[in-house]
There are 2 protein chains.
Amino acid sequence: MLLRIVSEDSGQGLTLSNITKTIGLKLSTTHRILSSLVEEGLLGLNPETKCYRPGFLLFELGRSANQFMIRDIYRPALERIAKKTRDTAYLVIRDGYDSLCIDRVEGTAPLRLMLDVGARRPLGMGAASLSLFAFSSDKTVEKILRFNEMRFREHSGMGIADMRKLIALCRQKGYTLTAGVVDRGVTGIGVPLYDRKNKIRGAISVAAISEKIDKTRYDDIAVLIKAEVDKTYHPPN
Amino acid sequence: MLLRIVSEDSGQGLTLSNITKTIGLKLSTTHRILSSLVEEGLLGLNPETKCYRPGFLLFELGRSANQFMIRDIYRPALERIAKKTRDTAYLVIRDGYDSLCIDRVEGTAPLRLMLDVGARRPLGMGAASLSLFAFSSDKTVEKILRFNEMRFREHSGMGIADMRKLIALCRQKGYTLTAGVVDRGVTGIGVPLYDRKNKIRGAISVAAISEKIDKTRYDDIAVLIKAEVDKTYHPPN
DNA sequence: TAATTTAATTTCATATTATAGAATTATATA
DNA sequence: TATATAATTCTATAATATGAAATTAAATTA
């Protein structure tokens, strides 16, 4: 909690009393924990202003999370996609049997946000999420189907047979499409992202309320996403 | 400790038993803490391989440590400096009344490493450290002198008068030079880094055992560092 | 396919540590 | 200089983590 609170501040840092108010712990408790975090280097303390800021260790630990660097790589592509489609563009990665949304650029069209950055869903539930899944090897697909069977049913009412049909259709199209079948009233179009070794590293999707994405646009949007993805320079590793 | 251990692994992640061996805690304890870290998102767990990796929250928290982005900015300059001088180049920032080494590129010359990344010293003790100090405003210099007086004496045997003289000399030269006065047998040459608002954001130094850096090279090295710094594009903010 | 091994997860009484509240110290403001 | 505000330290009690063992799951071998 403390790390989050201090990190969310974008200014000159937060004072102890400030942080204490936010977190709702006792002053002495907050002070002790903050001191420990400073001692370890997770936070820094400006001795003049007595303000706490993110520390060097936090920076270093963060850099070790290489897998998420994909976010920096595809940020510009995501922005262009959102701008051109006017819908919200998502960057999603696989995390075990979940998909994890790691970036989002909102479109200009008025629409309710579906997926927050940091949100986790069963792998396959959502256009990008489905891209991570449907374009994997048959063996992987089977494993995920088995593991997530109950979660699919719970989330969308779809059974294994429905999912298999959906995957087959998407593979044929070359992109994933969830026109209301995963989330009621939501249509998404997803494309997988491959690294230089042809391994799936993530997926980008565009999603909006179904009324806003006409059937005739499906292919166009997929082509648009693929074009922006192809334009993107993906460094080795 | 656990965050460090998991972050330091560059491979596919570490298993519980692996981590347990490294940290020396009991299996159950390690498991419990790891589970909490995963729950919070600081770590991720691959459910197939049961391997722990850095998590998305760690990435996000790390990105909030903007002040250290200077490291990415000056990395190439640091590499060029180390290559050209054959000595080790350091990137150092101010942290309260300490200086903090946040990056290092080793030279080709055989020499003992003086300063580890993450190392903290009294502000002024070292060439880069001194740059952060000597080129500050007179008011700031006085405050630092007073605060660090004892620490200077302890570290180098220098008193306030000695430090004043050293600062005056450095200001005159336009770069900092610590020819054995701060660390016995070590010579360093430092240059401050300014942002677009002319605020000191860090310092770069080249350091080696004194025998390796001849007096005649002092100016050349300072000019070389400055040239590389000037070449570097420093984005707004 | 069963048996064996290895690794992961859960449980619980005891030992350890954190907490709240109060006291003290330091810093800022009137 | 007095007053107010914020930071830091202290300590008995309340809360939590630990270690050891048991259980479950997964992988390997027979």
Side-chain angles (χ1 to χ4, degrees), chain A residues 1-6 9 11-55 95-98 123 137 139-151, chain B residues 1-6 9 11-55 95-98 120 139-140 142-151:
Chain A
M1 288 281 295
L2 286 169
L3 289 178
R4 270 188 238 263
I5 288 167
V6 174
D9 170 78
Q12 300 304 303
L14 299 171
T15 61
L16 172 61
S17 41
N18 226 317
I19 297 168
T20 303
K21 263 175 236 151
T22 311
I23 200 169
L25 294 176
K26 291 287 163 188
L27 213 82
S28 55
T29 303
T30 311
H31 180 265
R32 180 182 52 78
I33 303 176
L34 286 172
S35 300
S36 300
L37 293 172
V38 169
E39 197 173 3
E40 288 296 331
L42 284 165
L43 294 181
L45 172 59
N46 183 330
E48 284 168 46
T49 61
K50 306 278 182 170
C51 280
Y52 293 86
R53 308 170 272 89
D95 191 21
Y97 293 108
D98 290 343
L123 193 60
S137 70
K139 205 176 117 202
T140 306
V141 166
E142 287 307 316
K143 204 160 48 179
I144 297 168
L145 277 175
R146 248 175 294 128
F147 189 94
N148 274 345
E149 179 172 5
M150 289 319 219
R151 306 170 79 200
Chain B
M1 287 280 296
L2 287 170
L3 289 179
R4 271 189 237 262
I5 288 168
V6 174
D9 171 77
Q12 300 304 304
L14 300 170
T15 61
L16 172 62
S17 42
N18 227 316
I19 297 168
T20 304
K21 263 175 234 150
T22 311
I23 200 170
L25 293 176
K26 291 289 163 189
L27 212 81
S28 55
T29 304
T30 311
H31 180 263
R32 181 181 52 78
I33 303 175
L34 286 172
S35 300
S36 302
L37 293 172
V38 168
E39 197 173 2
E40 288 296 331
L42 284 165
L43 295 181
L45 173 58
N46 183 330
E48 284 169 47
T49 61
K50 305 276 181 174
C51 281
Y52 293 86
R53 309 170 272 90
D95 190 21
Y97 293 108
D98 290 344
R120 203 174 285 278
K139 205 177 117 200
T140 306
E142 288 306 316
K143 203 160 50 179
I144 298 168
L145 276 175
R146 248 176 292 129
F147 188 95
N148 274 345
E149 178 172 5
M150 289 320 221
R151 305 170 80 199

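- As rounded to whole Å, 16 Å separates atom P of C:dA26 from atom CG of A:Leu45.
- Considering only side-chain N and O atoms, B:Ser17 lies under 4.0 angstrom from the phosphate OP1 or OP2 of C:dA8.
- One atom, NZ of B:Lys50, and another, C1' of C:dT10, lie 13 Å apart when rounded to the nearest Å.
- Listed for the B:Arg120 side chain is no donor-acceptor partner under 3.5 Å among the backbone atoms of B:Asp95.
- Rounded to an integer number of Å, the gap from A:Leu27 CG to D:dT5 C1' is 11 Å.
- In this structure, A:Leu34 places its CG atom 10 Å from P of D:dA7, rounding to the nearest Å.
- Considering only side-chain N and O atoms, A:Thr29 lies nowhere under 4.0 angstrom from the phosphate OP1 or OP2 of C:dA18.
- When every heavy atom of B:Arg53 is checked against every heavy atom of B:Gly13, the shortest pair comes out as CG-CA, 4.1 Å.
- Heavy atoms of A:Leu25 sit nowhere under 4.0 angstrom from any nucleic acid atom.
- Contact of B:Ser28 with D:dA20 (side chain to base): a donor-acceptor pair of N or O atoms is detected under 3.5 Å.
- We find that CD1 of A:Ile33 is positioned 16 Å from P of D:dA7, with the value rounded to whole Å.
- Nearest nucleotide to the side chain of B:Lys26, out of D:dG19, D:dT8, C:dT9: D:dG19.
- Each of B:Asn18 and A:Glu48 has a nearest nucleotide on DNA chain C; the 5'-most of these lies closest to B:Asn18.
- Within 6.0 Å of CD in B:Glu39 there are 12 or fewer heavy atoms belonging to other residues, nucleotides or ligands.
- Looking at heavy-atom distances under 4.0 Å, A:Thr15 makes contact with sugar-phosphate atoms alone, never a base.
- Closest approach of A:Lys143 to A:Tyr97, counting heavy atoms only: CG-OH, 3.7 Å.
- In this entry the distance linking CG of A:Leu14 with P of D:dA7 reads 11 Å, nearest Å.
- A:Leu16 and A:Tyr52 make their closest contact through N-CE1, 4.1 Å (heavy atoms, listed as atom of the first residue, atom of the second, distance).
- In this structure, the NZ atom of B:Lys143 is 12 Å from the P atom of C:dT27, given to the nearest Å.
- Listed pair B:His31 / C:dT9 meets the phosphate criterion, a side-chain N or O lying under 4.0 Å from OP1 or OP2.
- What separates CG of A:Leu16 from P of D:dA7 is a distance of 5 Å, to the nearest Å.
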